[in-house]
Amino acid sequence: MTYNPSEIEKKWQGFWEANRSFEPHEDYSKDKKYILSMFPFPSGRLHMGHVRNYSIGDAFARYHRQMGKNVLHPIGWDSFGMPAENAAIKNGAHPKKWTYENIDYMRSELASLGLSFSKEREFATSDELYTKFEQGFIIDMYEKGLLYRKKASLNWCPHDQTVLANEQVVDGCCWRCDTEVVKKEMNQYYLKISDYADELLQDLDKLKEGWPSQVLTMQENWIGKSSGLEFDLHFDEDSKAKLNNSFEKFDVFTTRPDTIYGVSYTALAPEHDIVTYMLDNNLLDESSALAIKKMKNASSIDRQKEKSGVALNINVLHPLTGKSVPVWVANFVLMDYGSGAVMAVPAHDDRDYDFAKMYDLEVNAVIKPKDADVDVSEKAFTDAGVLFNSGQFDGQKSTKAQPAIIYHFEQEKIGKKVINFKLKDWGISRQRYWGAPIPFIHCEDCGIVMEEKQNLPIILPEDVEFTGEGSPLYNHPTWKTCACPKCGKDAERETDTMDTFVESSWYFLRYTASKAIQEDKAFDVKELDYWMNVDHYVGGIEHAILHLLYARFFTKVFRDLGYIKHDEPFGHLLTQGMVLKDGSKMSKSKGNTVDPDALIEKYGADTARLFILFAAPPTQELEWNDSAVEGSHKFLKRLSERSSNAVKCENIPRIDHSALSKEEKFARKKVYEALQRAEDVYTNKFTFNTLIAGVMEAMNALHEQKNSDVWTEGYWIILSILEPIVPHICWELSDTLFGRANLGEQKVLDEVFVVDSMMLGVAINGKNRAEIEVSPSASKEEILALAKVALEKWLEGKEIVKEIVVPKKLVNIVVKG
RNA sequence: GCGGAUGUGGUGAAAUUGGUAUACACGCCAGACUUAGGAUCUGGUGCCGCAAGGCGUGGAGGUUCAAGUCCUCUCAUCCGCACCA
């Protein structure tokens, strides 16, 4: 049969569409599988990363459908976001029009790949219906006390009068007008993810089976739980006077209380209240004030590059020794971790050490290794050790001194044990147009008032200008005017929209909503119970932290709001590697992209899917190679052409294995080995590349023999194995040959694995020297006798020290002399 | 700086998890068929060497009868980041 991909792909895509082949069934007594690939942002065109993502997901979905499972395999669009607005600024295209046109085009691209998505559950997060439910959830969270407002320091372009995202700041300047970016304090809404920090950390345990360990580690580090000592540092009298008696003290946090006697200075974040007070009241000389302002304006990345500090010329008293300790401002101290102030122990902390050397501050060692003296003349000694110069704690080991010192502080009521998290609350406000409006109203009398739920969704106005200056919603002449829902007075709508991570934090729940309830509810408890959790979640490693953490957080919040019963959304996670060309990531700026449409047009979707799953295991980076794509295409051509060796039938042929030739037996063995591997790959290993290699081996072995029953049986099985990977060609051939009766679970026949003889490697001192053929029932003695004959020339004049026989593998003889 | 990974033929990669290193594929070489070949089929292909043989999984050690796999040190590359006290 000639292979004509464009014809058969169109044919079967039409068939699937007409027959609604991939809609899940509403029979909740059936076993289910929920297979989900991360939904795309509708940027305009599919890229190879998408093709990889959806090919992997589709393989799972189709495999489980063959196994008789009720499969939910949905798709949608993460359609709010900055690029739509940028396109509007650049080309004048309205974000809504731009977005929905992109969706239409990309939907057709996905269709041309033959992906087995459910159509009835597709949505875009910018749909008003989705916004309606999301705004409802935000109101619920506010009422639950999970949403609050606080000041944040944002990137601000004074020229465009607009907030900039980190990626819009280029070398400290605005990407559009090149004006120097400054920090501006603004009120922002925050979700209290920190309330869930402990549970988000604890529950990583539940994911150990199904998630890659490096993702768990990254999340663990991100949440960053640590315990230590928190205590106050009191100013001396002079310093208090200098600060107009406005401050008595500030508190610091340390995870190394054992080093406390080594404190030689303390450092405040440039944003610290005390620093702000000193700046506001002109208590610093001009150059110091300027340096601090510079620190505050620097991007967090610049702040990491080089340490800098300013002495405040005030002092605090060491809580244990009473010694005077100078207070500095340091750029590496962060306001939103701990209390924004640290005690510095340069002798035992690398950062503190560098800083002390820079500004010629004291370095007082108080910890030494167990059996040696400590030398801090070149670098800090950061290991645990034994305390000295530490008063009553001298001679104690770090591990013992830490709790002992904390206990001492608690007894004296001058400090306490504290648990800290790195995880910060999630700021969800964005000063942008193309996002879901935050459904709040500002009333002069009532303050912040929630919009009434019956008035949702609060939708975006369409008559908006995109100039890149200011916030389009804020600038709109009438949109924000409204009446206060509480008192009826004139009020103003909130003009901030939500971070798009909010949408992607619950979209997987929305997919469970069947058509019947989609209009009325975001989702239904019964349907959720049946479909959740997601059995396989497939997506890029770049989402390892933020998206996955936020989605886990929303799941827990929804549980506590009583909407759902699950603690964790994603049972198994597969993080795919990047698609590279010429050794680096495909990107427009590098000009090394390969266009999926062109690929499909030239070779067909099946070739694209086959290559992408064959070229590397899914978790690894994939190096693009045009001639290897050609190779995948040739394999499919052979698959098609050699199908003429198989015979039409309705059942798998019965074969008398013992009557077959060696080549025929070998071919059957290869076919069933591939089948065995298929189960392992689709359910455990996900190394589709080795599965495809196994099928190629089976094809090669079939080609070495001429028995048409063996060919037929081979095709019966191979087409079933390959269907999840290259569905169109498999449906076509299977339809022609077997009326598609083979597209289902196939049984492994153990009889084909029985062999008459096997080859064993024979080695001397571990060095492979020969090969022997033995019967599977041969005894150890028989094998050794054969091995010694094979090794005759190597054994001459040597003394045999040891003989090792590893059944079915090899023989190793250890000799001397 | 911190955190996470990755190093195997000319190339993408296998290796049943300590047991014959390089399966499968690309590329390359030779041959067949052909008006033609960028189609198809057949054979070959880790490196050095005429050969016997030797050497080979980034590098150096170690454990073991046996190491790509385990341990120690080291080098290179990639990814993420909020200097997390």
Side-chain angles (χ1 to χ4, degrees), chain A residues 166 212-218 220-222 224-226 228 252-256 259 266-267 300-301 303-307 330-334 336-345 348-352 354-355 420-424 541-542 544-546 577-578 580 583-585 611 614-617 619-632 634-635 637-638 641 673 676-677 680 685 687 689-700 703 759-772 801-815:
Chain A
N166 285 333
S213 60
Q214 76 260 37
V215 175
L216 296 175
T217 310
M218 285 188 220
E220 192 183 324
N221 292 341
W222 189 264
K225 183 177 183 173
S226 63
V252 295
F253 171 73
T254 179
T255 56
R256 288 293 304 272
T259 65
T266 74
S300 54
I301 288 166
R303 230 162 114 164
Q304 290 169 40
K305 280 181 184 158
E306 213 174 324
K307 291 181 180 62
N331 63 345
F332 61 84
V333 178
L334 303 178
D336 35 32
Y337 185 73
S339 56
V342 299
M343 67 173 212
V345 186
H348 305 294
D349 181 281
D350 292 326
R351 263 187 332 259
D352 296 347
D354 290 349
F355 192 85
N420 252 322
F421 291 92
K422 285 190 228 167
L423 183 66
K424 295 187 273 193
I541 185 77
E542 66 272 22
I545 297 176
L546 292 179
M578 290 191 300
L580 311 179
S584 61
K585 190 179 174 169
F611 170 74
F614 180 53
T619 53
Q620 219 165 293
E621 289 173 347
L622 185 152
E623 175 70 32
W624 197 264
N625 180 326
D626 288 327
S627 57
V629 173
E630 186 85 37
S632 291
K634 283 180 191 170
F635 172 76
K637 254 167 109 170
R638 280 198 295 276
E641 278 155 14
E673 273 175 6
Q676 262 185 334
R677 195 179 279 183
D680 196 29
K685 289 214 185 111
T687 49
N689 55 329
T690 63
L691 174 58
I692 294 163
V695 171
M696 287 173 170
E697 284 182 59
M699 278 292 285
N700 292 345
H703 190 63
M759 303 304 288
L760 293 188
V762 182
I764 289 188
N765 293 344
K767 179 91 202 160
N768 202 48
R769 290 297 183 193
E771 219 172 36
I772 53 173
V801 182
K802 201 169 179 182
E803 294 164 339
I804 293 140
V805 177
V806 183
K808 293 177 188 166
K809 304 269 185 191
L810 53 73
V811 179
N812 188 16
I813 294 179
V814 185
V815 299

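Each chain gets a letter, A, B and so on, in the order its sequence line appears, and its residues count up from 1.
- A:A693 comes within contact range of at least one nucleobase, with a heavy-atom separation under 4.0 Å.
- Consecutive pairing runs in RNA chain B reach the stem threshold at B:1-7 with B:75-81, B:10-12 with B:24-26, B:27-32 with B:40-45, B:46-48 with B:53-55, B:58-62 with B:70-74, where a stem means at least three Watson-Crick or G-U wobble pairs with distances under 3.5 Å.
- Backbone-only engagement by A:G631 is indicated by non-hydrogen atom pairs under 4.0 Å involving sugar-phosphate atoms exclusively.
- The listed nucleotides are B:A66, B:G4, B:A13; the one nearest the side chain of A:N812 is B:A66.
- As rounded to whole Å, 10 Å separates atom C1' of B:U20 from atom CE of A:M759.
- Using a 4.0 Å heavy-atom criterion, one finds that A:Q620 contacts the sugar-phosphate atoms exclusively.
- Here A:E621 lies in heavy-atom contact (under 4.0 Å) with sugar-phosphate atoms only.
- In this structure, A:R256 places its CZ atom 11 Å from C1' of B:A85, rounding to the nearest Å.
- Side-chain N or O atoms of A:T254 include one that pairs as donor or acceptor with a backbone N or O of A:R256 at under 3.5 Å.
- Each of A:K422 and A:N700 was matched to the nucleotide of RNA chain B holding its nearest heavy atom; the match closer to the 5' end belongs to A:N700.
- Nucleotides B:C78 and B:C29 place their C1' atoms 35 Å apart, quoted to the nearest Å.
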When every nucleotide of nucleotides 43-49 of chain B is labelled 5' to 3' by its protein contacts under 4.0 Å (heavy atoms), B for base, S for sugar-phosphate only, - for none, what sequence of letters results? -------
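- The A:K637 side chain lies nearest to B:A39 when the options are B:C24, B:A39, B:G12.
- Contact between the side-chain N/O atoms of A:R351 and the OP1/OP2 oxygens of B:C84 is found at a separation under 4.0 Å.
- Among the atoms of the strands shown, only primed sugar atoms or phosphate atoms (P, OP1, OP2) are found under 4.0 Å from some heavy atom of A:V814.
- Picking from B:A85, B:G19, B:A25 the nucleotide with the shortest atom distance to the side chain of A:M696 gives B:A25.
- One interatomic measurement links the two molecules: CD of A:E673 to P of B:A23, which rounds to 16 Å at whole-angstrom precision.
- A:D354 comes within contact range of no nucleotide atom at all, as no heavy-atom separation falls under 4.0 Å.
- Note on A:F614: a base of the nucleic acid sits closer than 4.0 angstrom, heavy atoms only.
- Contacts of A:V252 with the nucleic acid, taken as non-hydrogen atoms under 4.0 Å apart, are absent.
- Nucleic acid contact for A:K634: sugar-phosphate only, since backbone atoms but no base atoms lie under 4.0 Å from a heavy atom of the residue.
- The residue A:N221 sits close only to the backbone: its heavy atoms come under 4.0 Å of sugar-phosphate atoms, none of a base.
- Between B:A67 and B:G19, the two C1' atoms lie 10 Å apart (nearest whole Å).
- Across all strands, A:N689 comes closer than 4.0 Å only to sugar-phosphate atoms, never to a base (heavy-atom distances).
- Residue A:R638 is in sugar-phosphate contact alone, with no base atom involved, counting any heavy-atom pair closer than 4.0 Å across all strands shown.
- Contact annotation for A:S226: backbone-only contact, meaning every heavy-atom pair under 4.0 Å involves sugar-phosphate atoms and none involves a base.
- Residue A:W222 contributes atom CH2, which lies 11 Å from atom C1' of B:G3 at whole-angstrom precision.
- The shortest side-chain heavy-atom distance between A:M343 and A:T259 falls under the 4.5 Å cut-off.
- In this structure, A:F614 has its ring center at least 6.0 angstrom away from the ring center of A:F635.
- Computed from coordinates, the A:E220 CD to B:A82 P distance equals 19 Å when rounded to whole Å.
- Out of B:U42, B:U20, B:A13, the shortest distance to the side chain of A:H703 is found at B:U42.
- Between B:U35 and B:G27, the two P atoms lie 26 Å apart (nearest whole Å).
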